[in-house]
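One structure below.
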Amino acid sequence: MSEANKQQGLMEKLTALAKRRGFIFQSSEIYGGINGFWDYGPLGVELKRNVKNAWWHDMVTTRDDMVGLDCSIIMNPRVWEASGHLGGFADPMVDCKQCKGRFRADKVWAVKVQSKAGVQVLGVEADDEPHARQAAEPALAKIAKKQGSADVLEVLSADVTLLQPDLAAAFACPSCGQMTLMPARKFNLMFKTYVGAIESENSVAYLRPETAQGIFANFKNVVDTSRVKLPFGIAQIGKSFRNEINPRNYTFRSREFEQMEIEFFCRPNESAKWYEYWRDLRHKWYTNLGLKSSNLHLREHGKEELAHYAAGCADVEYEFPFGVSELEGIANRGDYDLTRHQEFSGKDLTYFDDEAKERFVPHVIEPSAGVDRTCLALLCEAYEEDEVEGEKRTLMRFHPRIAPLKAAVFPLVKKEGMPEVAKAIYRDLKANFPVYYDEKGAIGRRYRRQDEAGTPVCITVDGQTLQDQTVTVRDRDSLQQVRIDKSRCLAYLKEKMGLI
RNA sequence: GCGGGUGUAGCUCAGUGGUAGAGCGUCACGUUGCCAACGUGAAUGUCGUGGGUUCAAGUCCCAUCACCCGCUCCA
């Protein structure tokens with residue numbers, strides 16, 4: 001089997017396990033599902049919550065220079081004009097049915113030529129009409145030589161097919177020359193809705209395509225109310241929506257997804273330093289969750305990849321079975337966003353630096369992470385098959401910090417008072433963490449069931465417990481068992497999770 | 001969006017136009033003395049969905065939806 005096939009097999013096994021154990025379900029599955037939307041089941045929601053809590057704990061709670069925020073999903077549409085989401089990303093495109101090429105509609109031109117042989121259409125790709133005519137010249141010369149004359153009747157941009165789709169038949173593909181272009185379509189990836197009961201042009205609104213803009217829009221509010229001083233960050237976790245053309249790779253590219261974003265504001269002359277700081281810190285953070293550093297890559301964007309306003313950008317990438325893909329982007333966005341919002345809102349978004357006695361628009365570093373992508377990476381990373389005494393075993397090697405269940409408690413057998421002791425331990429632990437109690441069937445089966453859920457330890461009450469108050473603690477990864485006093489269970493778990 | 005593939009029980013999958021199945025899992029009872037033990041029994045199906053052909057459709061035809069792969073896209 002090739003490496004690619006093996007990797008593909010891994011995704012299939014992983015999606016089967018995720019379904020079987022209640023990590024991830026297809027959204028509205030009983031109605032046939034809906035493309036690009038996913039639900040988290042009982043184990044999945046714990047995993048996801050653990051990821052978000054770890055991020056919030058590490059990026060907000062334990063830091064002195066960060067405050068949190070939770071913005072609405074629907075905002076004044078002017079926000080998206082200022083951010084550029086409404087303008088530049090709605091370029092109409094045309095596709096060729098024949099050669100599968102895709103072109104920006106305003107760059108595809110039809111040059112209609114009249115000769116003795118009749119009217120024919122030349123398809124060219126050019127920035128504007130003069131360039132289109134220029135590009136058509138060699139072909140024109142050829143026709144003129146053959147037919148004696150070649151007169152240009154009309155030069156048309158494929159833009160017109162946006163309003164008049166039937167005109168698409170009058171265009172030739174600039175790549176293959178066939179008359180097989182489809183009408184232009186807009187690729188605006190924001191979900192549109194209407195605010196209020198009446199659907200009119202004035203009531204159009206959008207579901208946010210990123211959480212970041214809510215932070216910029218509230219910059220002044222936070223500065224005015226929170227006594228923050230540069231450099232400081234504003235953090236937010238929340239849902240975002242993008243009407244992706246082609247959702248793919250399980251939950252990796254969904255139309256509804258959750259982001260963990262920070263806008264870290266700093267003095268302009270310190271932005272390069274802070275950019276490096278956040279890039280490296282965020283890269284390292286994923287290893288704390290249990291992602292192997294050999295599967296994590298930090299990829300610095302080349303100059304040609306950068307947005308015009310960005311001074312630097314790096315992606316934290318993970319080696320998924322379906323390829324190396326982005327978990328988080330860290331960008332040095334300069335003062336672009338605040339300046340834009342200042343222009344569009346007419347409100348002053350400058351910061352007054354009391355030390356230097358000067359007023360300026362802060363620069364910003366944006367570490368923007370995907371919650372669902374991180375969860376998917378953790379699932380991929382954790383999945384493992386090994387062999388125990390000749391039997392195949394499937395287990396999820398989650399770091400105890402993010403494991404959905406922290407422990408399971410079993411009586412070795414369902415008699416002699418063992419269930420009562422086990423239940424008491426379970427109640428005690430359950431008050432602190434998600435813990436599972438199970439007394440059904442053979443002990444081996446119960447262990448294996450927890451292995452698939454990724455539960456780090458199983459605590460078993462046996463005959464000896466009744467004598468000396470000790471229980472066995474079985475480790476998911478090593479299968480080693482140790483005896484500890486039953487009163488130490490909580491401390492043992494906390495230690496495992498790195499809490500003490 | 002284009003092309004190819006797939007869709008039957010919770011999972012993995014058999015199923016020749018003629019009574020919907022298996023393995024695993026789940027549940028109940030019994031048994032149990034540390035790694036998917038055993039016995040007995042049980043539940044679970046819009047055969048993705050909607051049409052059509054046929055005496056009869058899981059099976060043939062059409063449409064549609066979802067998933068996977070390749071291209072494309074990815075602020």
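The figures here come from the full heavy-atom set of this structure, side chains too, leaving out hydrogens, waters and symmetry mates. Within every chain, numbering begins at 1; the chains are lettered A, B, ... in the order of the sequence lines, protein sequences first and strands thereafter.
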Work out how far the P atom of B:U72 is from that of B:C65, and round it to whole angstrom.
24 Å
Between A:G36 and A:Y31, who's closer to the 5' end of RNA chain B by nearest nucleotide?
A:Y31
Measuring from the side chain of A:A16 (C-beta onward, heavy atoms only), which nucleotide among B:U12, B:C34, B:U32 has the closest atom?
B:U12
Using a heavy-atom cut-off of 4.0 Å across all strands, would you classify A:L17 as base, sugar-phosphate, or nothing?
nothing
5'-most by nearest nucleotide on RNA chain B - A:D462 or A:A442:
A:D462
Watson-Crick or G-U wobble mate for B:U26, both contacts under 3.5 Å:
B:A42
Under a 3.5 Å limit for both distances, which nucleotide forms a Watson-Crick or G-U wobble pair with B:G21, could you say?
B:C13
Could you check how far CZ of A:F257 sits from C1' of B:A75, rounded to whole Å?
10 Å
Out of B:C67, B:C34, B:A36, which has the shortest distance to the side chain of A:E452?
B:A36
Distance between the P atoms of B:U44 and B:C35, in whole angstroms?
35 Å
Distance criterion of 3.5 Å, no angle test: do you see the side chain of A:R248 paired donor-to-acceptor with the base of B:G70?
yes
Watson-Crick or G-U counterpart of B:G7, or none if no pair lies under 3.5 Å
B:C65
When rounded to whole Å, the CD to C1' distance for the pair A:E326 and B:A75 reads 11 Å
With C1' as the reference atom in both, quote the distance from B:C71 to B:G15 in angstrom, rounded to an integer.
35 Å
Please tell me if the side chains of A:E381 and A:L289 come closer than 4.5 Å, counting only heavy atoms from C-beta onward.
no
Across the strands shown, which category fits A:K19 at heavy-atom distances under 4.0 angstrom: base, sugar-phosphate, nothing?
sugar-phosphate
Look through every strand shown and name the nucleotide pairing with B:A75 as Watson-Crick or G-U wobble, where both distances are under 3.5 Å.
none
What integer distance in Å separates A:F410:CZ from B:A36:C1'?
12 Å
I want to verify a distance call: between B:A36, B:C67, B:A37, whose nearest atom is closest to the A:W38 side chain?
B:C67
Given B:U32, B:A36, B:A75, the nucleotide with the shortest approach to the side chain of A:R21:
B:A36
Would you classify A:G32 as touching base, sugar-phosphate or nothing, given that sugar-phosphate means primed atoms plus P, OP1 and OP2, and contacts are heavy atoms under 4.0 Å?
sugar-phosphate
Just checking A:T15: base, sugar-phosphate only, or nothing, at a heavy-atom cut-off of under 4.0 Å?
nothing
Pairing partner of B:C2, by Watson-Crick or G-U wobble and under 3.5 Å for both distances, is B:G70
Using the side-chain heavy atoms of A:R20, tell me which of these nucleotides is nearest: B:A36, B:C34, B:C11.
B:C11
For B:G21 and B:C29, measure between their C1' atoms and round to the nearest Å.
27 Å
Nearest to the side chain of A:N35, which nucleotide is it out of B:C11, B:C67, B:C35?
B:C67
Figure out the CD/P separation between A:E385 and B:C11, and round it to whole Å.
18 Å
When both distances are under 3.5 Å in a Watson-Crick or G-U wobble arrangement, the nucleotide paired with B:C34 is none
Euclidean distance for C1', B:C47 against B:U59 (whole angstrom)
10 Å
Evaluate the side-chain proximity of A:E210 to A:H85: yes if any heavy-atom separation is below 4.5 Å, no if none is.
yes
Is A:K392 near enough to B:A36 that one of its side-chain N or O atoms lies under 4.0 angstrom from OP1 or OP2?
no
Determine the contact category for A:K440: base if any of its heavy atoms lies under 4.0 Å from a base atom, sugar-phosphate if only primed atoms, P, OP1 or OP2 are that close, otherwise nothing.
sugar-phosphate
A:N249 near the nucleic acid: base, sugar-phosphate alone, or nothing, with a heavy-atom cut-off under 4.0 Å?
sugar-phosphate
B:G48 versus B:G10 - spacing of their P atoms, nearest Å:
13 Å
Can A:R373 be said to sit on top of A:F252's aromatic six-ring, NZ or CZ under 6.0 Å from centre and within 45° of the ring axis?
yes
Separation of B:C13 atom C1' from A:E12 atom CD, nearest Å, is 13 Å
Which nucleotide, in any strand shown, forms a Watson-Crick or G-U wobble pair with B:U54, with both distances under 3.5 Å?
none
Does the side chain of A:W55 come within less than 4.5 Å of A:I262's, by heavy atoms?
yes
Report the relative orientation of the aromatic rings in A:F322 and A:F320; use parallel for angles under 30°, tilted for 30 to 60°, perpendicular for over 60°.
parallel
Report yes or no: is the cationic atom of A:R78 (NZ for Lys, CZ for Arg) closer than 6.0 Å to the six-membered ring centre of A:F344, at no more than 45° off its axis?
no
Measure from CZ on A:R340 to P on B:A75 and round the result to the nearest Å.
17 Å
With A:R474 as the cation and A:Y447 as the aromatic partner, state whether NZ or CZ is under 6.0 Å from the six-membered ring centre and within 45° of the axis.
yes
Candidates B:G33, B:G10, B:C68 - which lies nearest the side chain of A:Y250
B:C68
Measuring from the side chain of A:R445 (C-beta onward, heavy atoms only), which nucleotide among B:C67, B:G25, B:U12 has the closest atom?
B:G25
Take atom C1' in B:U31 and the same atom in B:A37, then report the distance between them in whole Å.
10 Å
Under 4.0 Å, heavy atoms only, any strand: does A:I443 hit a base, just the sugar-phosphate, or nothing?
sugar-phosphate
Output the rounded distance in Å from CE (A:M418) to C1' (B:U31).
15 Å
Compute whether any side-chain donor of one residue and acceptor of the other, for A:T460 and A:D462, lie under 3.5 angstrom apart.
no
So what does A:E416 touch, heavy atoms closer than 4.0 Å: a base, only the sugar-phosphate, or nothing?
base
Rounded distance (Å) that lies between atom P of B:C65 and atom CD of A:E29:
18 Å
Would you kindly check whether a donor in the side chain of A:Q26 faces an acceptor in the base of B:G48, or vice versa, at under 3.5 angstrom?
no
Side chains of A:T211 and A:E261, donor plus acceptor under 3.5 Å
yes
Is any N or O donor-acceptor pair between the side chain of A:R474 and the base of B:C34 shorter than 3.5 Å?
no
Minimum-distance nucleotide (side-chain atoms of A:L479 versus B:C35, B:A75, B:G33):
B:C35
How far, in whole Å, is B:U53 from B:G17 if one measures between their C1' atoms?
12 Å
